[in-house]
Amino acid sequence: MATDKKNASAQELTDNLKKEEEEYVRQTGSLGERLKRVKTTRWVRFGIVALIYVLWTLWMGNPWLLLGLLLLGDIYLTQFIPWGAWKGMKKGWKRTLMSWVDAIVYALVLVYFLFLFVGQNYQIPSSSLEKSLLTGDFLWVNKVTYGPRVPQTPLHFPLAQNTLPFLNCKSYIETPQLSYHRLKGLRDVERMDIVVFNFPAGDTVALNLGSSEDYYSLCHRFGRNVVNSNKEKFGEIVYRPVDRRDNFVKRCLGLPGERLEIKDGIVYADGKAVPQPENVQYCYYVRSNGSNSFTESLFEELGISKEDQSRGYISNMEYVLPLTAEMKKTLEAKPWVTMVSRIEASPDESIITYPIGTDYGWTHANYGPVWIPKKGATLNLTLQNLPLYERCIKNYEGNTLEVKDGQILINGKPSTTYTFKMNYYWMQGDNRDNSLDSRYWGFVPEDHIVGTPSIILISFDKDHPLMSGGIRWNRIFKMPNPDKK
């Protein structure tokens, strides 16, 4: 027995010495000698990775990135840098730890590139697109359709948009900041597309409120000095780069260069009514003849969430509810319903339409007309229309802008016209009376666009327990935009 253990120990020692010798030989010698020792399998792996990398470089349109082939060649072939030195460690906790670190780093790099250039998951956080998309839908957002953006903030944690969970700190490093560049996609944004984009008014954020109310609306309500100084109420005021701003999802109803107007809730582009989605919702005043008419089973039948029930409650006999045409018919057929009437004014009178601080006499249901900026198009600027385009010129396209002695100064020079550098879009929710969208914070610049949802991965209903209706099985792997033919 003792002899067997002694022989086993000697064999293990011999094996370890042999491995160390092989590792030493592999990591020494000239370039030619190292290449001669490379196994065929590693050449095959390098060839596949190098091909993918070259295709990606061609897509990026930056030949300097081909220098990265030298790094890949060293990782897979020459190994002048001892990338896998930890594999020569003796078995133990250190080797186990390094193997986990190696696997995690590899996975993070893979996820980083996947999320940047292919697509990423996105959760619907609010009811602004109901009933087309539901709160709790998890979508796969395709970035290839419009072309992925080259990251403007390249140093960020790939699984967090702007805040690291638990640590509650920034998930990115602001420096360096790269200029906007979008790779070639399959097509441009089209009308009726559902689009995921970075919140344009989310460049400055009061952390205690997040995106529940944007910084500029807060400043209009309370005054800039109050918002900036009252950290207990509003929290720290931070600036976020374009690609680190919160993600929003809306439907594109207006395209660059079009003149858009909203009349009685109907959107018109260049004088033509934009088709309404099948499940578009408007708010209706609903009244019954009995206090026990509005039951849970009724709300379940209509598909009205507890959030909308709570928000629309007036009394046991009265509600203001977001309804599709089909839901409206269902209610009108109930014998106890005495009134179903469209709400013309905004349910929330405190909401002020864009541009904030300028009274054009517009409401959420009657808005415009406005011209949507188009790349290369020149606009005649006046003091009357300047508030509509000030954010585009100043915040999105990086110019200085001021009005002095009745003159508009752009970059210090008197200007009566401005030529736009980017395309802009008009985005609205399908839940028309309960959606904070372009009517309240303006145009969406092209550099804010992330992608378009291509499939619903899974859907959770927060009004039900997970195992009792909490998963909407009928929505899994469904197309998120059936209205887009």
Side-chain angles (χ1 to χ4, degrees), residues 49-72 105-122 139-164 170-190 193 195-200 202-203 239-249 252 256 373-376 392 395-399 420-425 427 443-454:
V49 173
L51 177 61
I52 295 172
Y53 185 83
V54 169
L55 293 175
W56 175 74
T57 300
L58 293 174
W59 192 23
M60 291 285 286
N62 186 351
W64 286 103
L65 291 173
L66 290 173
L67 293 175
L69 288 172
L70 298 176
L71 181 63
L72 290 176
V105 170
Y106 182 83
L108 286 177
V109 170
L110 185 62
V111 168
Y112 179 83
F113 277 89
L114 179 69
F115 279 16
L116 280 181
F117 298 104
V118 180
Q120 67 184 82
N121 63 306
Y122 176 78
L139 312 172
W140 178 256
V141 178
N142 182 354
K143 296 185 177 182
V144 177
T145 300
Y146 307 139
R149 292 176 303 183
V150 175
Q152 293 153 278
T153 312
L155 300 180
H156 66 270
F157 192 80
L159 301 177
Q161 177 60 18
N162 46 49
T163 305
L164 282 175
K170 289 194 301 185
S171 63
Y172 58 91
I173 298 174
E174 294 178 349
T175 304
Q177 278 292 306
L178 305 180
S179 58
Y180 165 63
H181 175 61
R182 187 178 297 276
L183 303 184
K184 186 174 178 58
L186 302 178
R187 62 174 175 84
D188 295 329
V189 178
E190 297 174 351
D193 279 358
V195 182
V196 175
F197 54 91
N198 298 118
F199 182 35
D203 52 355
Y239 173 83
R240 287 175 177 165
V242 170
D243 55 344
R244 297 297 99 200
R245 295 169 192 172
D246 287 340
N247 287 324
F248 273 36
V249 58
C252 178
K374 181 178 182 179
K375 182 177 180 179
C392 301
N395 297 64
Y396 305 145
E397 302 201 351
N399 302 285
F420 290 91
K421 303 173 186 175
M422 290 190 291
N423 285 321
Y424 291 79
Y425 299 88
M427 306 288 186
F443 311 106
V444 177
E446 66 174 73
D447 69 339
H448 284 57
I449 289 176
V450 176
T452 183
S454 58

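Quick caveat, the model's predicted, so the values are computed rather than measured. For the numbers below, each heavy atom of this structure counts, side chains included, while hydrogens, waters and symmetry mates do not.
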I'd like a table of donor-acceptor pairs (distance under 3.5 Å, sequence neighbours excluded) in which one partner is a side-chain atom from residues 51-61, with atom names and distances.
from : atom 1 : to   : atom 2 : distance (Å)
Y53  : OH     : L65  : O      : 2.4
T57  : OG1    : Y53  : O      : 2.9
W59  : NE1    : K184 : O      : 3.1

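- Heavy-atom contacts from other residues, nucleotides or ligands closer than 6.0 Å to NZ of K421 number more than 12.
- For the 3.5 Å distance criterion, the side chains of Y239 and R244 fail to qualify, holding no donor opposite an acceptor.
- Contact record, P154 with P176: CD-O, 3.4 Å, taken as the closest heavy-atom pair.
- Nearest heavy-atom pair, E397 versus Y424, reported as atom, atom and distance to 0.1 Å: OE2-OH, 2.9 Å.
- There is a side-chain donor-acceptor pair under 3.5 Å between Y146 and D193.
- Between the side chain of Y122 and the backbone N or O of P453 there is no donor-acceptor pair closer than 3.5 Å.
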Working for ring-ring contact (aromatic ring centres under 6.0 Å, His included), residues F199 and H448: CA-CA 7 Å; F199 182 35; H448 284 57; 9.2 Å; no

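- T153 and D243 are linked by a side-chain donor-acceptor pair at a separation below 3.5 angstrom, with hydrogens and angles left out of the test.
- D447 and R182 are not joined by a salt bridge, as no carboxylate oxygen comes within less than 4.0 angstrom of a charged side-chain nitrogen.
- Here the CG-OG distance, from L155 to S171, works out to 11.5 Å after rounding to the nearest 0.5 Å.
- How far CG of D203 is from CG of N198: 11.0 Å, rounded to the nearest 0.5 Å.
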Pair T163-K170, side chain to side chain contact (heavy atoms under 4.5 Å, CB included): steps then yes or no: CA-CA 5 Å; T163 305; K170 289 194 301 185; over 6 Å; no

Stepwise side chain to side chain contact (heavy atoms under 4.5 Å, CB included) test for Y172 and N162: CA-CA 7 Å; Y172 58 91; N162 46 49; 3.9 Å; yes

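- Summarising the geometry, atom OG1 belonging to T145 is positioned 5.5 Å from atom CG belonging to L186; distances are rounded to the nearest 0.5 Å.
- For the residue pair L116 and P148, the shortest heavy atom distance occurs at O-CB, 3.4 Å.
- A donor-acceptor pair is defined here as one N or O able to donate and one able to accept, closer than 3.5 Å; such a pair exists between the side chain of Q161 and the backbone of R245.
- Between H156 and Y112, the ring centre distance stays below 6.0 Å.
- Of all non-hydrogen atoms in Y396 and P200, the two that sit nearest each other are OH-CB, 3.2 Å.
- Residues F157 and L164 are in side-chain contact: their nearest non-hydrogen atoms beyond the backbone lie under 4.5 Å apart.
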Stepwise side chain to side chain contact (heavy atoms under 4.5 Å, CB included) check, F115 with N121: CA-CA 8 Å; F115 279 16; N121 63 306; 3.8 Å; yes

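- Looking at C252 and M427, their side chains come closer than 4.5 Å, going by heavy atoms from C-beta outward.
- Interatomic distance, Y425 OH to E446 CD, rounded to the nearest 0.5 Å: 6.0 Å.
- Pairs engaging residues 143-161 under the salt bridge (charged side-chain N to carboxylate O under 4.0 Å, His left out) rule: none recorded [sequence neighbours left out].
- Separating the CG atom in L72 from the CG atom in L67 is a distance of 11.5 Å, to the nearest 0.5 Å.
- Side chain of N423 to backbone of K375: a donor-acceptor contact under 3.5 angstrom is found.
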Criterion side chain to side chain contact (heavy atoms under 4.5 Å, CB included) on I449 and V189, from CA distance to verdict: CA-CA 9 Å; I449 289 176; V189 178; 3.7 Å; yes

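- In this structure, R240 and V242 have side chains that are not in contact, with every pair of non-hydrogen atoms separated by 4.5 Å or more.
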